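Scroll down for the structure; my scribbles are underneath it.
The shown structure was predicted, so the numbers you read here are calculated from the model rather than taken from an experiment. The first residue in the sequence is number 1, and the count goes up from there.
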Amino acid sequence: MKELMLGNKAVARGLYEAGCSFISSYPGTPSTEITEEAAKYEEIYCEWAPNEKVAMEAALGASIGGARSFCAMKHVGLNVAADPLFTAAYTGVNGGMAVAVADDPGMHSSQNEQDSRHYAEAAKLLMLEPSDSGECLAFAKEALTLSERFDLPVLLRLSTRVSHSQSIVEPAPRSETPLREYQKEPSKYVMMPAYAKGRHIFVEKRQAALREYAETCPLNRIERGSRSIGIITSGISYQYAKEAFPEASFLKLGICYPLPERLILNFAQSVDELYVIEELDPFIENHCRALGLKVRGKAELTLLYEYSQTYLREKLRGEKTAFAALEEELPGRPPVMCPGCPHRGLFYCLKKLGLTVFGDIGCYTLGAAPPLQAVDTTICMGASISGLHGFNKARPESAKRSVAVIGDSTFMHSGVTGLINITYNKGCSTVLILDNSITGMTGHQQNPTTGMTLKNEPTLAVSIEKICEGAGVKRVHVIDPNDIEGLEKLLKEETAVEEPSVIITRRPCVLLKKVKKNPPFCVDTAKCVSCKACLRIGCPAISLREGKAHIDETLCVGCDLCRRLCRPGAILVNSPEKA
């Protein structure tokens, strides 16, 4: 029976149908739902790993053990996993292994735009690129089959629109795949130089076979239309191009690396004018130009952000689409910390103290936005601690005026090594670990500190305090970030000492089901002096009405932070009439 399915869910379904039995991933938008959906199948073992490198290595280990395996990550996660990925290209696999990498054109939830096709080329791996949910299911199955056929991990390139859009799929029963026999084979799996040299020969022979496969495989197909325009495209760009040029002929590439040569040349000869439509880098276009073809592409289309049907019509056809306009301009709605967010009190204190703040990846990145504006840098996972150490070594006097902030999940991901670097190299930085008891920004996934597995089974909860002590930090403190008076005092004390220090701000994410919401607050306008102190914390439940503070009771969760800042005592639990 056909059904409407999210792209990520369709990938999970394809893995299930193909007999995949092991999945290890780290959550990262827009890839997260693949592993969450796969975890609903009892036949598949699924786990959240501490980071993408560990996930990739675990999946490779399962593959070597004979199981069909998989791991998923977002584009920047592939940077973290690149080390095992490149070597896995040499070792090859035993059971089939697929790796999904979800790019984020437009940077909806990412710190950069990155084209992961370059990884396939650099690592000399096969990469498939589906354009809708039906292909997500089919390509996930095919990835595991091709992995075993060509003895390599197969990359599955997704994008935000493919991962988070829905289209029709037709599920099928699961095909149980028996565990392949494991045989000790050092020349294949031990990548010391003597053996790696032999495997490089294999990689190059495999490349030739992959290039030949790309010429005739059914994943690359020609759709005949008008001879006047021929379009080479792949992934979500195919969907945009089909709507913008319904009459054109298409070469739709399901394999985005390695790219075919004869197929492209034959298609080019069959059309009068050749277009290449692809988001981000001119990956296909450069290949076509290297073949001596004249194409229309990035000279007219941007290297930035996402494309759309209307964008392609305007840039390539000169057709502007008219849209209905509202009479009034709507205000912007940038992302903000939720009402009751446990990070809000900390960033209020950091701004008040005027500290330099090295930030990290997570909800607390929003501490850089007005009115808090407390964060100075955000680079990548774990960079806050490492970056602060370098900053303080370069500017020793800054150690008493700077801190790093990092979340509990990100600390487990790649913050631990940065902390060890501080203690080992005699640094004296102050690190704040914002423990909200969950991996927040990607939608509440468990992590090694929560005491629950991906399948919500109880497990060992890693102690952040003991990790820090084991790393050599003697000054480790735990405090509720809503205790802003105590937090401010503690920040002053710890930034003043000349040794490494860790402050763990511990309060669970307000959106967790187990967190009890308090009655909402309200404002006694007679007592409100319009000092706007309550607005400085940037809570979306607080606004001004006719010059007085106002609290939206439908948003307020009673976290008590604003009341602590209100010196006139105008913020009350009950309405003024009931007080």
Side-chain angles (χ1 to χ4, degrees), residues 8 12 15-16 20-29 31-65 67-74 77 80-81 84 100 179 342 360-363 381-382 406-417 419-420 433-471 473 476 478 502 504-516:
N8 280 346
L15 296 169
Y16 167 77
C20 181
S21 60
F22 180 94
I23 295 178
S24 183
S25 303
Y26 183 81
T29 306
S31 72
T32 307
E33 297 87 356
I34 300 174
T35 305
E36 290 178 328
E37 290 293 336
K40 297 176 182 178
Y41 297 111
E42 293 183 1
E43 297 89 340
I44 307 178
Y45 169 82
C46 294
E47 66 179 25
W48 289 130
N51 63 33
E52 295 87 355
K53 179 178 184 292
V54 172
M56 178 92 60
E57 292 161 347
L60 180 58
S63 167
I64 292 171
R68 283 192 161 185
S69 68
F70 172 83
C71 62
M73 60 204 69
K74 66 186 298 177
V80 179
L179 201 67
D360 224 292
I361 305 297
C363 293
M381 299 281 280
I406 191 169
D408 49 335
S409 178
T410 311
F411 181 69
M412 291 290 108
H413 178 283
S414 48
V416 175
T417 48
L419 187 63
I420 292 170
I433 302 175
L434 285 55
D435 183 6
N436 64 351
S437 306
I438 204 70
T439 307
M441 183 165 272
T442 48
H444 285 189
Q445 291 78 35
Q446 305 295 341
N447 69 63
T449 71
T450 65
M452 301 293 287
T453 68
L454 167 58
K455 296 200 174 189
N456 289 317
E457 299 168 344
T459 186
L460 172 72
V462 175
S463 168
I464 296 176
E465 294 94 315
K466 290 183 179 179
I467 288 284
C468 295
E469 291 167 0
V473 181
V476 179
V478 180
V502 170
I504 302 169
T505 62
R506 180 164 289 151
R507 175 175 275 255
C509 173
V510 70
L511 298 182
L512 289 173
K513 293 180 180 179
K514 65 183 180 182
V515 174
K516 181 183 177 181

*Distance, nearest 0.5 Å, that separates OG1 of Thr505 from CG of Asp435*: 7.5 Å
*State, to 0.1 Å, how close Asp360 and Gly382 come at their nearest heavy-atom pair, and which atoms those are.*
OD1-N, 2.8 Å
*Would you indicate whether the side-chain heavy atoms of Glu52 and Cys71 approach each other to under 4.5 Å?*
no
*Report yes if the side chains of Thr449 and Met412 come closer than 4.5 Å at any heavy-atom pair, otherwise no.*
yes
*asked:* Side chains of Ile23 and Tyr45, heavy atoms from C-beta outward: is any pair under 4.5 Å?
replied: no
*Under 3.5 Å, side chain of Lys74 to main-chain N/O of Thr29, donor-acceptor pair present?*
yes
*asked:* For a 4.5 angstrom cut-off between non-hydrogen side-chain atoms, does Ile467 reach Phe411?
replied: yes
*Atom pair CG/CG of Asn447 and Asp408 - distance to nearest 0.5 Å*: 5.0 Å
*Any side-chain heavy-atom pair from Leu512 and Ser437 closer than 4.5 angstrom?*
yes
*Are any side-chain N or O atoms of Ser63 and backbone N or O atoms of Ser69, one a donor and one an acceptor, separated by less than 3.5 Å?*
no
_Do Ile433 and Cys468 have side chains that approach each other closer than 4.5 Å (heavy atoms only, starting at C-beta)?_
yes
*asked:* For the OG atom of Ser31 and the CE atom of Met73, what is their distance to the nearest 0.5 Å?
replied: 7.5 Å
_Between Thr35 (side chain only) and Thr32 (backbone N and O only), is there a donor and an acceptor less than 3.5 Å apart?_
no
*Work out which heavy atom in Cys20 is nearest to a heavy atom in Arg68; give both atom names and the distance.*
SG-O, 3.4 Å
*Please examine the side chains of Gln446 and Thr453, heavy atoms only from C-beta on, and report whether any two atoms are closer than 4.5 Å.*
no
*asked:* If you define the side chain from C-beta out and look only at heavy atoms, does anything of His413 sit under 4.5 Å from Ile361?
replied: no
_Evaluation steps, side chain to side chain contact (heavy atoms under 4.5 Å, CB included), between Val80 and Met381_ = CA-CA 9 Å; Val80 179; Met381 299 281 280; 5.7 Å; no
*Distance (rounded to the nearest 0.5 Å) between Glu36 CD and His444 NE2*: 11.0 Å
*Would Thr439 and Tyr26 count as having a side-chain donor-acceptor pair, cut-off 3.5 Å?*
no
*OG of Ser409 to CG of Asn436: how many Å apart, nearest 0.5 Å?*
9.0 Å
*asked:* What's the separation between atom CD1 in Ile44 and atom CZ in Phe70, rounded to the nearest 0.5 Å?
replied: 9.5 Å
*N-O pairing of Glu469 and Lys466 below 4.0 Å*: no
*Of the non-hydrogen atoms in Leu179 and Gly65, which two are nearest, and what is the gap between them?*
CG-O, 3.7 Å
*Where do Ile406 and Gly415 come nearest, in terms of heavy atoms and distance?*
CD1-CA, 3.8 Å
*Evaluate the criterion side chain to side chain contact (heavy atoms under 4.5 Å, CB included) for residue pair Trp48 and Met452; output intermediate values, then yes/no.*
CA-CA 10 Å; Trp48 289 130; Met452 301 293 287; over 6 Å; no
